[in-house]
Amino acid sequence: MPPPPQPAPPMRSPYRFLLLFLAILPCLRSVDAQSFDYPTAGPSTFWTNNLSLKHNVTYPDGSMVRAILLRSNPAFFGPSFSVGFFCNAACDAFLLAVFIVYTNSGALITNPMIGSPQVVWSANRDRPVRENATLHFTEAGNLVLRDADSTIVWSTNTSGRSVLGMNITASGNLLLFDRKNASIWQSFDHPTDSLVPGQTLREGQRLIANISTTNWTRGQFYLTVLADGLRAFVDSSPPQVYYIHGFSGPEAKNKSAYVTFTNGSLEFFASFTKPGVPDENITLPSASSVQYMRLESDGHLKLYEWGTTGWNVVDDVMKLYPDNCAYPTVCGEYGICSNNGQCSCPSGISNGSNYFRQINDRQPSLGCSPVTPLSCQSLQDHQLLALKDVTYFSSWLAVEYGTYFPSVASFNLKNEESCQQACLKNCSCKAAIFQYGQNTSDGSCFLPSQLFSLMNNQPTVTHQNSTLYVKVQIAPKTTNGTSISPTSKKKVMGVGAILGFTIGALFAVFLIVGLFVLFMRLKNSHMEEEDQFDQVPGMPTRFSFEELKVATENFCKKLGEGGFGSVFEGKLDDMRVAVKRLDGVGQGRKEFLAEVETIGSIHHIYLVRLIGFCAEKSYRLLVYEYMCNGSLDKWIFYRNQDIALDWQTRCRIITHIAKGLSYLHEECRQRIAHLDIKPQNILLDDNFNAKVSDFGLAKMIDRDQSHVMTRMRGTPGYLAPEWLTSRITEKVDIYSFGVVVMEIVCGRKNLDYSQPEESIHLISLLQEKVKEDRLLDLIDNHSNDMHWYREEVIKIMQLAMWCLQIDSNKRPSMSTVVKVLEGAINVETCLDYNFVATTPVMSSNTNHLDASPPQSASLLSGPR
Ligand SMILES: *[C@@H]1O[C@H](CO)[C@@H](O)[C@H](O)[C@H]1NC(C)=O
Ligand SMILES: *[C@@H]1O[C@H](CO)[C@@H](O)[C@H](O)[C@H]1NC(C)=O
Ligand SMILES: *[C@@H]1O[C@H](CO)[C@@H](O)[C@H](O)[C@H]1NC(C)=O
Ligand SMILES: *[C@@H]1O[C@H](CO)[C@@H](O)[C@H](O)[C@H]1NC(C)=O
Ligand SMILES: *[C@@H]1O[C@H](CO)[C@@H](O)[C@H](O)[C@H]1NC(C)=O
Ligand SMILES: *[C@@H]1O[C@H](CO)[C@@H](O)[C@H](O)[C@H]1NC(C)=O
Ligand SMILES: *[C@@H]1O[C@H](CO)[C@@H](O)[C@H](O)[C@H]1NC(C)=O
Ligand SMILES: *[C@@H]1O[C@H](CO)[C@@H](O)[C@H](O)[C@H]1NC(C)=O
Ligand SMILES: *[C@@H]1O[C@H](CO)[C@@H](O)[C@H](O)[C@H]1NC(C)=O
Ligand SMILES: *[C@@H]1O[C@H](CO)[C@@H](O)[C@H](O)[C@H]1NC(C)=O
Ligand SMILES: CC(=O)N[C@H]1CO[C@H](CO)[C@@H](O)[C@@H]1O
């Protein structure tokens, strides 16, 4: 039963509603409730997310709306579209959202028992705002959402485009329009996870599901329109397709594809079509009330409709063959789904224990994990475990839509055997799935890097002819030569076996320690004798010169050149590597051995890994992991007008460097100072993860006392002032880190001779600007997005200034820097803003330093 009509109070703004309200005040009871609609607003309007927004309703489930604009359907009591602030359950985080709410033809219903609002669009799903956040429709026509601390969270970026007003349409489109009623910006162009009737999803646009049912953040499922069809993917690298609705056909139409949600159908308009065959539409239950469609966090696309009891699911739009078991996360990773949703783990036993176990015994649908995790360090221990009567969602897609499969499968690997081999060779491959084709020559091989749920293959249902092998790691070997699995049950071993095992393990430890001691001795006494430099367990692999010559195809692809050597691209098995060949071997030998020794024993995610080396005759080569995106300087100094890195990426890079250094300084067995931190020595992988390279100058520093260096090392521009005093600790890295951070933020070199004379030295400029309180002048203007994050940028500059303290005792430790970056602590407030030592010693000394020139700073600058 609808409650009796209740006139709502007018909006504070725009003012005309207030005037309207005053005008009709005397005849309030008989007034047409529609007068209380407030579907448009003009610029210069300001809303604060507090109780001054009068159109607020709290619902029994704890969610609350504070409407700003609302357009009701004058024809009937029922749902309307509204834009405003929305919060769910706990109500501590708000979205600026378009939602469907129940109205009494114009006024929000204050009887909250009527269905809770449904969000169909939101501006800030990844960054919810708090109480007192503001929405400002600026004079210039920009719609800006700021959080309570006034940081900008979102904006339409429509300043200066003659925006005249904003409108919420009857179908739920929030739009900014100009004088000609033309739309300048509309929410329909920025879909989130839902579609409403009348809305179109265009080629390239995505609906992205929530990460979970309780968190708005973008998750791993998305639905998108491509030129030849509608696809649903689960994001992994590469994304895996789990639903295809093809438009089919070779005939190109001269337009891009799109899908429109209408009453009773999802209509397709493809770029390609078969002559005479219309695009295939998806039929939906026709609407008897308001509908909307939402991509759920489990990958389903559900159609909702309002009924007398509330919102109901009336259709599961993507029909996956054969049943719900084909949804990628139905049983979590590695889980096997049978009978439409029962989950189990792959069976397979090694030495009395299973290869897989359930992540949570009470919740099988969370999936399974390998008992012995896969490790790339020990490829030789990888094996494929055949799973009988099990298949993968991409297998039947391969059968149904063979031509669409190339993006995920390999057609070159035409037999099961080569498919398996390919998986074993590639560390990131988690399974080998081979789908037999109609005849023996058209099979396809799929090698996922992340294995989602598996399906029980009942031949009567799925008619699959495919094989599936999951990669497992056999447990580490003891010296005894038998496998010991970490979860082998002690119960089944006798006391003797336990003793035997213990003795065996002790023996192994002694053997390793013994070998290590032996190695250290040999190395110390015969440092100059090449033959002693042999393979030692735990150390990088020793390669012959011939092997590396083959790997680099006779040193044909040069990646870069440093002072003492060149770096070449190479391939060992299937792994891309960077091979550094040292030229001036004579003087480089000591450093070479030092580097092999130090880097070889250090493994950290933010440090470039040394895979191997070659010390044969006069040849000296180092083999490093390959880093696709080269060194950081290429990305921040705009030598080749490269695209500017966005702020998030810059922050991540800074954090990675800090973590890498923190490991070197504080977590290694021996404290290690890098002594030549600069952008040339920071390398980036394909995801712009940064790793510190080049330990050629690194010197071990005793944990409890700092070492006295005899020779000056490093690169001008990055040298800490205390180099002059000769008392060198890892704090010099922290100074250099400060310089690098400033370079990343400002997008220029510290010493840039192309600048006007007064701004050649960035750190001097910083000293000047901080005193004038004009730090913002320094921000890299290649990237607009930095100005969005002004507060954060300033914070990072403050951190850099802390690192740049002349007095090395005042600089933070690297672990403190990491904590600041993680937001756990704040930057020290009483800083000395003089970063450049002005004593005459400095300027006179720098000229005859024993430091190398910038380009040839180090002997072993890692792979570029
Ligand atoms: C809400 O915010 C506005 C603008 O900042 C302020 O004028 C008003 O007093 C606030 N109202 C409440 C209830 O906090
Ligand atoms: C919102 O701002 C008002 C003042 O306008 C203040 O009294 C109130 O504590 C603030 N609320 C929150 C949750 O910060
Ligand atoms: C506005 O511009 C900023 C910075 O370039 C960007 O991050 C943001 O996504 C843009 N907003 C919209 C709605 O396009
Ligand atoms: C606002 O949207 C309504 C409903 O779609 C439409 O009729 C109206 O013309 C729009 N107003 C403006 C100013 O664009
Ligand atoms: C724009 O839309 C409004 C409201 O629908 C209408 O009053 C106005 O005449 C329209 N203007 C133009 C130029 O179409
Ligand atoms: C997304 O997360 C929000 C916040 O918890 C929740 O209210 C909403 O129902 C979720 N949507 C889906 C499709 O899971
Ligand atoms: C939502 O998920 C993201 C990503 O996993 C996480 O960072 C965030 O804290 C979560 N938010 C809530 C409210 O749980
Ligand atoms: C799909 O819908 C469009 C638009 O209504 C229509 O032109 C087309 O004929 C439909 N296709 C089929 C196969 O019904
Ligand atoms: C599956 O394909 C292989 C190779 O084409 C064939 O030998 C085998 O008989 C097929 N099995 C079934 C059940 O069709
Ligand atoms: C070696 O393996 C055998 C067979 O598993 C076992 O019986 C024996 O105790 C092991 N010996 C040691 C020293 O671990
Ligand atoms: C339910 C609720 O929060 N209602 C509030 C809506 O706004 C009015 C006017 O500011 C408040 O008085 C109500 O408490």
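Whatever order the structure lists ligands and atoms in, that order sets their numbers, starting from 1.
Between Glu667 and Lys659, none of the side-chain N atoms (NZ, or NE/NH1/NH2) sits under 4.0 Å from a carboxylate O, so this pair counts as no salt bridge. Arg218 and Asp126 are joined by a salt bridge, as a carboxylate oxygen and a charged side-chain nitrogen come within less than 4.0 angstrom of each other. Salt-bridge check for Asp147 with Arg127: failed, with every basic side-chain N at 4.0 Å or more from each acidic carboxylate O. The existence of a salt bridge linking Arg790 and Glu792 is excluded, since no basic side-chain nitrogen approaches an acidic carboxylate oxygen closer than 4.0 Å.
When Thr169, Asn173, Leu69 are ranked by how near their heavy atoms come to atom 5 (O) of ligand 4, first place goes to Thr169. Selection from Asn215, Thr217, Asp126 by nearest heavy atom to atom 11 (N) of ligand 7 gives Asn215.
Between the side chains of Ser44 and Glu139, at least one donor-acceptor pair of N or O atoms lies under 3.5 Å.
Where the criterion is an N or O separation shorter than 3.5 Å, residue side chain and backbone included, Asn167 meets it with respect to ligand 4.
The protein heavy-atom contact nearest to atom 7 (O) of ligand 4 is Arg71 NH1, 5.0 Å. Protein heavy atom closest to atom 12 (C) of ligand 2, with residue, atom name and distance, is Asn132 ND2, 3.4 Å. What sits closest to atom 4 (C) of ligand 7 on the protein, heavy atoms only, is Ile211 CD1, 3.9 Å.
Between Gln450 and the options Glu333, Gln240, Lys430, a side chain to side chain donor-acceptor pair (under 3.5 Å) holds for only Glu333.
Residue Glu131 has at least one heavy-atom neighbour below 4.0 Å for each of these atoms of ligand 2: 13 (C). Those atoms of ligand 4 with a heavy atom of Ala170 less than 4.0 angstrom away are 4 (C), 5 (O).
In this structure, atom 14 (O) of ligand 2 has a protein heavy-atom contact shorter than 4.0 Å. In this structure, atom 9 (O) of ligand 4 has its sub-4.0 angstrom surroundings free of protein heavy atoms. The presence of a protein heavy atom under 4.0 Å from atom 2 (O) of ligand 2 is confirmed.
Centroid-to-centroid, the aromatic rings of Trp185 and His190 come within less than 6.0 Å.
Ligand 4 has Asn181 within reach: a non-hydrogen atom of the residue lies less than 4.0 Å from it.
Cys331 does not pair with Cys325 as a disulfide, the SG atoms being 2.5 Å or more apart.
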